[in-house]
**Q** 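Following this message is one structure expressed as C-alpha cells.
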Protein chains: 2
Amino acid sequence: MTVGRKRGFDENVALDAAMNVFWQKGYLGASLSHLTAAMGINKPSMYSTFGNKQALFVKATSHYVESHMAKHLKILSAPSLSLRDKLMQYMQSVIAMQTEQSQGRGCYLVLCQSEIVSDEIPSEAVSVLEQYDVEAKAIFLSLFESDPESIEKGLDKNAQIHALTIYTVLKGAASMARAGVPCAQLNGVIDNTLTGIGL
Amino acid sequence: MTVGRKRGFDENVALDAAMNVFWQKGYLGASLSHLTAAMGINKPSMYSTFGNKQALFVKATSHYVESHMAKHLKILSAPSLSLRDKLMQYMQSVIAMQTEQSQGRGCYLVLCQSEIVSDEIPSEAVSVLEQYDVEAKAIFLSLFESDPESIEKGLDKNAQIHALTIYTVLKGAASMARAGVPCAQLNGVIDNTLTGIGL
DNA sequence: ACAAAAATATACCTATTGGTACAATATAGG
DNA sequence: CCTATATTGTACCAATAGGTATATTTTTGT
C-alpha cells in the first residue's frame, strides 16, 4: 500500500459528478464552487486529484464519451441490421439518452463545442472537443463509404453529404432535447432524415 | 431639444456591437468589459442607456431577430415559389448568413438557448429566448398545415413532424456553422432534408 | 511508538464579475 | 451668462472567479 492518509472519496464518482455539472452548465457556467459541491469534495482535493479546471474538464469529457456515447456505437456495426436500422436505432438510442432527464440536457459535446468560438475556453479543452468532433464525423463517413448496403444503393457516391446529414440532424436533435422536446417527436425527425438519404 | 449634454454615441450602433459580442460569446461569456469595449462606451453610459446586462441582452436579442432573421422570412411567403423552393431558399439564406464570417458564428439564438438549462441566465433573458423559439416552431408548423401545396401533397397530415424536421436541421446546421463547416456542404444537407419530407 | 507521506479543512490570494457614487463636462433654455 | 439637466470618466463596491499556503488529520512502514 502507498503511505499516507487514504482518499475519502471515489475518483470515478467525483468525475461523474463533475461531468454532470459540465453537461448542465457548459465549461464557462461551471464554477469551481459548483463542481466541488457536486463532487462532494473541497478545492484542494480537486486540484491534487485532477490538476485544475481544464484538466478536470478534459477527463470529464472523455468520461462522457466513454460512459454515454461509446455504448451506442456497437449498433452501427451490428451485422444483422440493415443500414437503415443501424442508423435509426443508433440515432434513437442517442436521442433517448439525451431526453432522459425531465429537464433534458441534450449533448455535453454539442453544448461545450458551441463555447469554443467564445475564445474563453483553454486550449486543451478546445483540443479534446475538436478531436471528438472529427472522430464522430469520420465514423459516419466511413460507414457510408464502406458499408456494403451503402455501396449497393450508391450512397457511397455522396458519402460526405449523407454523413454530414446524419451528424447535422444529431446535433440539431441535441439542441431540441436540451430545449425539452420529447424523444417521441424527435423519432419522427429521424425517420424523415433517413428517408431523405434514400434509406 | 432636451436639455443636457448630448449622447456621444449612436444607441443602435452600440446595440449592434453588443449583439455581436453576445453572438460570439453567449450570455455567460459576454462580460460587461467585453460588451462596453465593443460598444465603445463605458459602464455608466451603458447602464443609463440600456438598464443592465439582462436588459441589454433582451434588446440585443430582438435586434438580432430583426436584423438577421426576419429578412429571410419573406422567402417563405413568396407566391411564385414552390413549397420546396420556399423552404430550400429560406434555409440556404439563413445558413449562408450563419457561415458568413470566416470563423463562423452560427445562430445567436441557438447558442444562447443552450445556456438556459445552466440555470445561470436571468429570467427575462430566458423569456425572450423561449418566446422566439416558440414563434419559430409555429412558423414552420403553420406552413405545413396551411400551404396549398403542402395540403395537396398530404404533408399537412404530418405537419408537426415535418415542421420539427426543418427546425431540427436548422438548429443542427447552426451548430455546424459555428464549428466552421462551410455553407456549400450544408446545402447538401438541406437537399437531403427536403427529399426526406417528400419535396 | 514514531516518522514520513498523503489527504483534508480552513483561510487566504489576486483578478474579475455585475453594478454604482460622484465629480467633471457639455448642452439648452431663460 | 447662468442654471438646470444630461452624459461622461474615474474610482470604487461587494461578490465570486480560479487557484494556493498552511496547518491538521489520517494512514503506513519501521
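In what follows, chains are A, B, ... by sequence order, proteins preceding strands, each numbered from 1.
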**Q** Rounded to the nearest angstrom, tell me the gap between atom CZ in B:R7 and atom P in D:dT8.
**A**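 Going from CZ in B:R7 over to P in D:dT8 covers 7 Å.
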**Q** Salt-bridge test for B:D133 and B:K171: reply yes if a basic N is under 4.0 Å from a carboxylate O, no otherwise.
**A**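 The answer is yes: the pair qualifies as a salt bridge.
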**Q** Under the side-chain contact (heavy atoms from CB on, under 4.5 Å) rule, what do B:L111 and A:V117 come out as? Steps first, then yes or no, please.
**A** CA-CA 11 Å; B:L111 172 64; A:V117 176; over 6 Å; no
**Q** Using every non-hydrogen atom in the two residues, find where B:K53 and B:M46 come nearest and quote the distance to one decimal.
**A**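 Result for this residue pair: N-CE, 4.2 Å.
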**Q** Are A:R84 and A:D191 ion-paired here, with the side-chain N under 4.0 Å from a carboxylate O?
**A**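 Between A:D191 and A:R84 there is a salt bridge, with a charged N closer than 4.0 Å to a carboxylate O.
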**Q** At a heavy-atom distance below 4.0 Å, what parts of residues 32-54 of chain B sit against DNA chain D?
**A**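 Heavy-atom contacts with DNA chain D come from B:N42, B:P44, B:S45.
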**Q** For residues 12-22 of chain B, which residues have at least one heavy atom under 4.0 Å from DNA chain D?
**A**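 Within this stretch, nothing sits under 4.0 Å of the strand.
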**Q** Are B:Y167 and B:I161 connected in the hydrophobic side-chain network, where two residues link if heavy atoms are under 4.5 Å apart?
**A**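 No; tracing contacts between hydrophobic side chains, which count when under 4.5 Å, never links both residues.
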**Q** Where is the tightest heavy-atom contact between A:E115 and A:K25, given as atom of each residue plus distance?
**A**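 Minimum heavy-atom separation between A:E115 and A:K25: OE2-O, 4.5 Å.
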**Q** Pairing donors with acceptors under 3.5 angstrom, does anything connect the side chains of A:T195 and A:N192?
**A**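 Judged by distance alone, the side chains do not pair up.
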**Q** C:dA6 C1' sits how many Å from A:E11 CD, rounded?
**A**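 Distance check: A:E11 CD to C:dA6 C1' gives 14 Å.
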**Q** Rounded to the nearest angstrom, tell me the gap between atom CZ in A:F57 and atom P in D:dG18.
**A**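 Rounding to the nearest Å, CZ of A:F57 and P of D:dG18 are 13 Å apart.
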**Q** Any luck finding a side-chain donor-acceptor pair between A:T165 and A:H162 under 3.5 Å?
**A**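 Their side chains do not contain a donor-acceptor pair, so the 3.5 Å distance test is not met.
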**Q** With under 30° as parallel and over 60° as perpendicular, where do the rings of B:F22 and B:Y108 fit, or are they tilted in between?
**A**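 Perpendicular, since the angle between the ring planes exceeds 60°.
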**Q** Is the A:F57 to A:Y64 ring centre distance short of 6.0 Å?
**A**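 Distance test on ring centres: not under 6.0 Å, no.
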**Q** Base contacts versus sugar-phosphate-only contacts with protein, heavy atoms under 4.0 Å: please encode nucleotides 24-30 of chain D as B, S and - from 5' to 3'.
**A** -BBBSS-
